[in-house]
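This is a predicted model, so every value here is computed, not measured.
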Amino acid sequence: MLQPAVRLVWLSQVPYAELLALQQRWLLRLQAEPGPEAGALLLCEPAGPVYTTGLRGGLTSEDTARLRALGAEVRPLGRGGLATFHGPGQLLCHPVLDLRPLGLRLRAHVAALEACAVRLCELLGLPGARARPPPYTGVWLGERKICAIGVRCGRHVTSHGLALNCSTDLTWFEHIVPCGLVGTGVTSLSEELQRHVTVDEVIPRFLEAFKETYKCTLTSEDSPS
């Protein structure tokens with residue numbers, strides 16, 4: 001039986017707005033007329049600091065002004081979850097997928113994203129990574145979150161996804177309560193492995209974990225569409 005095909009689009013290091021614009025184009029394409037592929041896996045490393053909020057908010061107007069004064073963007077999004085940070089040294093993965101050919105429901109999609117990050121950590125020598133039940137959605141090493149997850153789904157098509165800290169400057173998280181979870185911390189692959197781990201190093205193993213978890217094939221393209 002043939003596995004569903006997913007288009008792989010690697011944007012390299014780009015402004016966050018570029019990722020959102022491409023995500024919107026894929027969303028409209030899939031919602032208008034499903035094609036031969038199950039969708040696209042959009043990957044990038046943010047070029048600058050961005051704080052985002054989900055459907056439940058997470059930042060006051062005073063918070064927004066304070067964060068912008070630090071030189072960061074602040075963007076409200078239609079995903080689940082509260083406030084988090086995106087920036088250089090972080091792998092952003094936005095699967096824009098029609099869940100039907102993949103045989104998934106929304107909760108299974110979220111669990112699959114968590115499984116991808118857990119598997120990646122295992123491949124890099126961090127067997128202690130694990131997913132936790134809501135409100136602790138994401139992937140954790142002890143009480144420290146290494147991967148945040150927030151998704152949206154409409155008409156069976158998903159958007160947004162996960163943010164995995166590779167060599168992220170973790171001090172940016174000190175200006176918010178990440179995901180609204182008081183008393184927890186954040187970490188990165190570099191912090192845990194005690195060496196500099198780049199996004200480029202992580203991508204091949206993340207793709208391995210994605211194909212294994214979603215039971216799909218990935219087709220590449222030279223430029224975004």
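- The side-chain heavy atoms of Trp10 and Leu41, taken from C-beta on, include no pair separated by under 4.5 Å.
- A 4.5 Å side-chain heavy-atom check between Thr198 and Val202 finds every atom pair outside the cut-off.
- Sorted pairs that involve residues 150-166 and meet salt bridge (charged side-chain N to carboxylate O under 4.0 Å, His left out), not counting sequence neighbours, are lacking altogether.
- For Leu28, the side chain to side chain contact (heavy atoms under 4.5 Å, CB included) criterion is met by Gln24, not counting sequence neighbours.
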Side-chain donor-acceptor contacts of residues 101-120 below 3.5 Å, not counting sequence neighbours, with atom names and distances?
from, atom 1, to, atom 2, distance (Å)
His109, ND1, Tyr214, OH, 2.9
Glu114, OE2, Gly138, N, 3.1
Arg119, NH1, Glu122, OE1, 3.4

Derivation and outcome, side-chain contact (heavy atoms from CB on, under 4.5 Å), residues Val139 and Lys145: CA-CA 6 Å; Val139 173; Lys145 181 181 274 193; over 6 Å; no
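- To the nearest 0.5 Å, atom CZ of residue Arg195 and atom CG of residue Leu124 are 7.0 Å apart.
- For Thr64, the side chain to side chain contact (heavy atoms under 4.5 Å, CB included) test picks out Leu59, Arg68, Val74, with sequence neighbours left out.
- Residue pairs satisfying the ring pair (Phe, Tyr, Trp, His ring centres under 6.0 Å) criterion with at least one member in residues 188-209, sequence neighbours excluded, are absent.
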- Item | Criterion side-chain contact (heavy atoms from CB on, under 4.5 Å) on Ser159 and Val151, from CA distance to verdict | CA-CA 6 Å; Ser159 57; Val151 302; over 6 Å; no
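- Applying the ring pair (Phe, Tyr, Trp, His ring centres under 6.0 Å) test to residues at least two apart or on different chains, the pairs with a partner in residues 37-80 are Tyr51-Phe85.
- When side chains are defined from C-beta on, Asp63 does not count as touching Ile176, because their heavy atoms never get closer than 4.5 Å.
- Note: Thr158 OG1 to Gln23 CD = 8.5 Å, rounded to the nearest 0.5 Å.
- In this structure, Pro88 and Gln13 have side chains that are in contact, with non-hydrogen atoms separated by less than 4.5 Å.
- In this structure, Leu218 is not a member of the same hydrophobic cluster as Leu123, with clusters built from ILVMFWY side-chain heavy atoms closer than 4.5 Å.
- Residues Gly161 and Pro95 come closest through the heavy atom pair CA-CD, 4.0 Å.
- Using a 4.5 Å heavy-atom cutoff, the side chains of Thr187 and Trp140 are not in contact.
- By the side chain to side chain contact (heavy atoms under 4.5 Å, CB included) test, Glu73 pairs with Val50, Arg75, sequence neighbours left out.
- Transitive grouping of hydrophobic side chains (ILVMFWY, heavy atoms separated by less than 4.5 Å) brings Leu91 and Leu8 into a common cluster.
- Using a 4.5 Å heavy-atom cutoff, the side chains of Cys216 and Phe210 are in contact.
- Leu30 contributes atom CG, which lies 12.5 Å from atom NE2 of His156 (distance to the nearest 0.5 angstrom).
- Between Ile146 and Leu189, some side-chain heavy-atom pair lies under the 4.5 Å cut-off.
- Between the side chains of Glu45 and Ser12, no donor N or O sits under 3.5 Å from an acceptor N or O.
- Residues Gln3 and Thr217 have side chains that never bring a donor and an acceptor to within less than 3.5 angstrom of each other.
- Listed by chain and number, the residues in a salt bridge (Lys or Arg N to Asp or Glu O under 4.0 Å) with Arg100 are Asp98 (sequence neighbours excluded).
- Between Leu99 and Cys153, the closest heavy-atom pair is CD1-SG, 4.2 Å.
- Every pair tested for salt bridge (charged side-chain N to carboxylate O under 4.0 Å, His left out) that includes a residue from residues 85-96 fails, sequence neighbours excluded, so the list is empty.
- For Glu208, the side-chain hydrogen bond (donor to acceptor under 3.5 Å, both in side chains) test picks out no residue, with sequence neighbours left out.
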Problem - Leu20 and Leu77: CA distance, side-chain angles, deciding distance, side-chain contact (heavy atoms from CB on, under 4.5 Å) verdict - result: CA-CA 10 Å; Leu20 293 182; Leu77 301 175; 4.0 Å; yes
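- Looking only at side-chain heavy atoms (C-beta outward), Cys44 and Leu92 come within less than 4.5 Å of each other.
- The CD atom of Gln194 lies 6.0 Å from the CD atom of Glu191; values are rounded to the nearest 0.5 Å.
- Shown here are the side-chain hydrogen bond (donor to acceptor under 3.5 Å, both in side chains) partners of Asp200, two or more places apart in sequence or in another chain: there are none.
- Without hydrogens or angle criteria, Arg66 side chain to His175 main chain gives a donor-acceptor distance under 3.5 Å.
- Ion pair Glu143/Arg132 flagged as a salt bridge, since at least one NZ, NE, NH1 or NH2 atom sits closer than 4.0 Å to an Asp/Glu carboxylate oxygen.
- For the atom pair NE2 of His160 and CG of Leu19, the computed distance is 9.0 Å after rounding to the nearest 0.5 Å.
- Separating the CD atom in Gln90 from the OG1 atom in Thr168 is a distance of 4.5 Å, to the nearest 0.5 Å.
- Contacts of Pro76 classified as side chain to side chain contact (heavy atoms under 4.5 Å, CB included), with partners at least two apart in sequence or in another chain: Thr53.
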Next on the checklist: Checking Val96 against Leu42 for the side-chain contact (heavy atoms from CB on, under 4.5 Å) test, could you report, in this order, the C-alpha distance in whole Å, the side-chain angles of both residues, the deciding distance, and whether it holds?
Outcome noted: CA-CA 7 Å; Val96 187; Leu42 311 181; 3.9 Å; yes
